[in-house]
Amino acid sequence: MKYNLETLAIHAGQDPEAMTGAVTVPIFQTSTYAQEALGQPRLGYEYSRTNNPTRQAYEQCLAALEGARHGIAFASGMATTNNCMYLLQSGDEVLCSDDVYGGTFRFFTKVMSKFGIKVHFVNTSDLSQVEKSLHPGIKLVWLESPTNPLLKLTDIRAVCKLAKANGSLVVVDNTFMSPAFQRPLELGADIVMHSATKYLGGHSDLVGGIMATNSDEINETMRFHQNAVGAIPGPFDCWLALRGLKTLAVRMQAHARNAQALAEFLESHPAVRQVIYPGLASHPQHALARTQMQGFGGMISFEVKGGLQEAKTLVESTKLFLLAESLGGVESLIEVPATMTHASIPRERRLEMGIADGLIRISVGIENFEDLKADLEQALARAVSKTFV
Ligand SMILES: *Cc1c(COP(=O)(O)O)cnc(C)c1O
């Protein structure tokens, strides 16, 4: 029987526990397992870095949601990215979206460079740039779609085709969409990865990462490295993430419903210069968003009229939208990329990329829409003086 995503979220990897019939996967908070006889571990469990039943249930569930055979969990999104890089050898090259998560950029440029891995950053939204930049030395293509905070899309299917012809693996960071709205493996990617800290966990109460693949070979290598390197999540964090997954589908629908309505409200507001949201007809890649994704997500970026001062007043005036980095939780968050998440990028480069000083990013939560709208409305009124309106 083939089940749909909402059903898999609640049942995949989560058969009632064998001994008691507990319907919720227990937190197997143990480091080791007693063996039946010398060299005979029960059911293959020997040591919790290598394997743990709570982690296994979580890995199986996420894999099912991504339509994958295998899932492997890590201590954070960055630990997952790190492990993907162990698929490479010194001297290999990587092609990467130029608008990736800041931590990914930092890891590729400041850490991987020390081990002889060269990363080329290109605008992967532009297929001709991808085509021009691919050469036999590129062993891996790293995509993020939509990007952060400009919500630029990459045609994942088209890039996978080009990469495959070049013999390169494709990894897609699917953190912003979650499998509820985008399934990169179905579009041709070899690996899909997540910061589980965001929508998968969904409640801003854990840091974690996870990947999924249909390749037995990739699974074998990364599973070996998971154990050999050891950046694994503890049983309680796996249990929290698994609990988060159960409501992923309904949460994503609620995030997207609120975000669509807020994006439309912001677009019609006189104090707002520009709104970026894939669900708006004004988004330059709205057509691609409609075919590649099953929903438009919960992230919106918008530019308030004026500049940094107006942005500062706005984010300090909201009451429900909490001023914080991160995203993907049930509560709404607001931030200024220029001084927070993207402060490490030089201002010139930021402006070149399109990250204006007055750009604001919101992670739309699942609170009541009218309450969220009223909160932004009063904050906008405070932030932008009459001269701009
Ligand atoms: C947060 C984030 C990461 C890093 O994940 P951590 O869990 O913080 O290590 C990677 N990619 C994207 C898109 C993210 O938002």
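Just the heavy atoms: all of them, side chains too, but no hydrogens, waters or symmetry mates, feed the values below.
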Count I, L, V, M, F, W, Y as connected when their side-chain heavy atoms are under 4.5 Å apart, and connections chain through other members. Are [X] and [Y] then in the same cluster?
{"X": "Leu151", "Y": "Leu280", "value": "yes"}
{"X": "Phe105", "Y": "Val141", "value": "no"}
{"X": "Val275", "Y": "Leu380", "value": "yes"}

**OP:** List the steps, then state whether salt bridge (Lys or Arg N to Asp or Glu O under 4.0 Å) holds for Asp155 with Lys161.
**Re:** CA-CA 10 Å; Asp155 186 336; Lys161 242 183 224 150; over 6 Å; no
Original post:
According to the interplanar angle, ranging from 0 to 90°, do the rings of Phe108 and Phe121 count as parallel (below 30°), tilted (30 to 60°) or perpendicular (above 60°)?
Top reply: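 The arrangement is tilted - the two ring planes meet at 30° to 60°.
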Original post:
Using 30° and 60° as the class limits, which term best fits the ring planes of Phe236 and Trp239: parallel, tilted or perpendicular?
Top reply: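 If you compare the ring of Phe236 with that of Trp239, the planes turn out parallel.
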Considering all heavy atoms of both residues, which atom of [X] and which atom of [Y] are nearest to each other, and what is their separation?
{"X": "Glu335", "Y": "Ala324", "result": "CB-O, 3.7 Å"}
{"X": "Ile300", "Y": "Leu266", "result": "CG2-CD1, 4.3 Å"}
{"X": "Asn52", "Y": "Thr30", "result": "ND2-O, 4.0 Å"}
{"X": "Cys61", "Y": "Leu8", "result": "SG-O, 3.8 Å"}
{"X": "Leu327", "Y": "Leu333", "result": "N-CD1, 4.1 Å"}
{"X": "Pro337", "Y": "Leu359", "result": "CD-O, 3.2 Å"}

Subject >> Connected-component partners of Met19 among ILVMFWY, side-chain separation under 4.5 Å >> reply: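 Reading the cluster by chain and number, Met19 sits alone, since nothing else belongs.
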Ignoring hydrogens and geometry, is there a side-chain-to-backbone donor-acceptor pair from [X] to [Y] under 3.5 Å?
{"X": "Gln226", "Y": "Ala73", "answer": "yes"}
{"X": "Thr54", "Y": "Pro26", "answer": "yes"}
{"X": "Thr147", "Y": "Lys152", "answer": "yes"}
{"X": "Ser76", "Y": "Ala79", "answer": "yes"}

If you define the side chain from C-beta out and look only at heavy atoms, does anything of [X] sit under 4.5 Å from [Y]?
{"X": "Arg183", "Y": "Leu5", "value": "yes"}
{"X": "Gln56", "Y": "Tyr45", "value": "yes"}
{"X": "Ile334", "Y": "Leu314", "value": "yes"}

[atom1] ([X]) with more than 12 external heavy atoms under 6.0 Å:
{"X": "Lys198", "atom1": "NZ", "value": "yes"}
{"X": "Lys246", "atom1": "NZ", "value": "yes"}
{"X": "Glu325", "atom1": "CD", "value": "yes"}
{"X": "Arg350", "atom1": "CZ", "value": "yes"}

Original post:
Ion pair present between Glu59 and Arg223, side-chain N to carboxylate O less than 4.0 angstrom?
Top reply: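 Between Arg223 and Glu59 there is a salt bridge, with a charged N closer than 4.0 Å to a carboxylate O.
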Pair [X]-[Y], side-chain donor/acceptor within less than 3.5 Å:
{"X": "Gln260", "Y": "Glu264", "answer": "yes"}
{"X": "Ser128", "Y": "Asp126", "answer": "yes"}
{"X": "Ser204", "Y": "Glu331", "answer": "yes"}
{"X": "Asn227", "Y": "Thr50", "answer": "yes"}
{"X": "Glu17", "Y": "Thr20", "answer": "yes"}

Original post:
Given Glu316 and Lys312, is the salt bridge (Lys or Arg N to Asp or Glu O under 4.0 Å) satisfied, shown in steps?
Top reply: CA-CA 6 Å; Glu316 288 174 354; Lys312 177 173 154 52; 2.9 Å; yes
Subject >> His286: partners by side chain to side chain donor-acceptor pair (under 3.5 Å), with sequence neighbours left out >> reply: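 Result, side chain to side chain donor-acceptor pair (under 3.5 Å) vs His286: Arg290.
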Going by atom type alone, with no hydrogens or angles, which donor-acceptor pairs under 3.5 Å involve a side-chain atom of residues 168-179 and a protein atom two or more places apart or on another chain?
from, atom 1, to, atom 2, distance (Å)
Ser168, OG, Ile138, O, 2.9
Ser168, OG, Asn166, ND2, 2.9
Asp173, OD1, Thr175, N, 3.1
Asp173, OD1, Thr175, OG1, 2.5
Asn174, OD1, Gln182, NE2, 3.0
Asn174, ND2, Glu66, OE2, 3.2
Asn174, ND2, Gln182, O, 2.7
Thr175, OG1, Ser195, N, 2.9
Ser178, OG, Ala180, N, 3.1

Original post:
Centres of the Phe296 and His283 rings: under 6.0 Å?
Top reply: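 No, too far apart.
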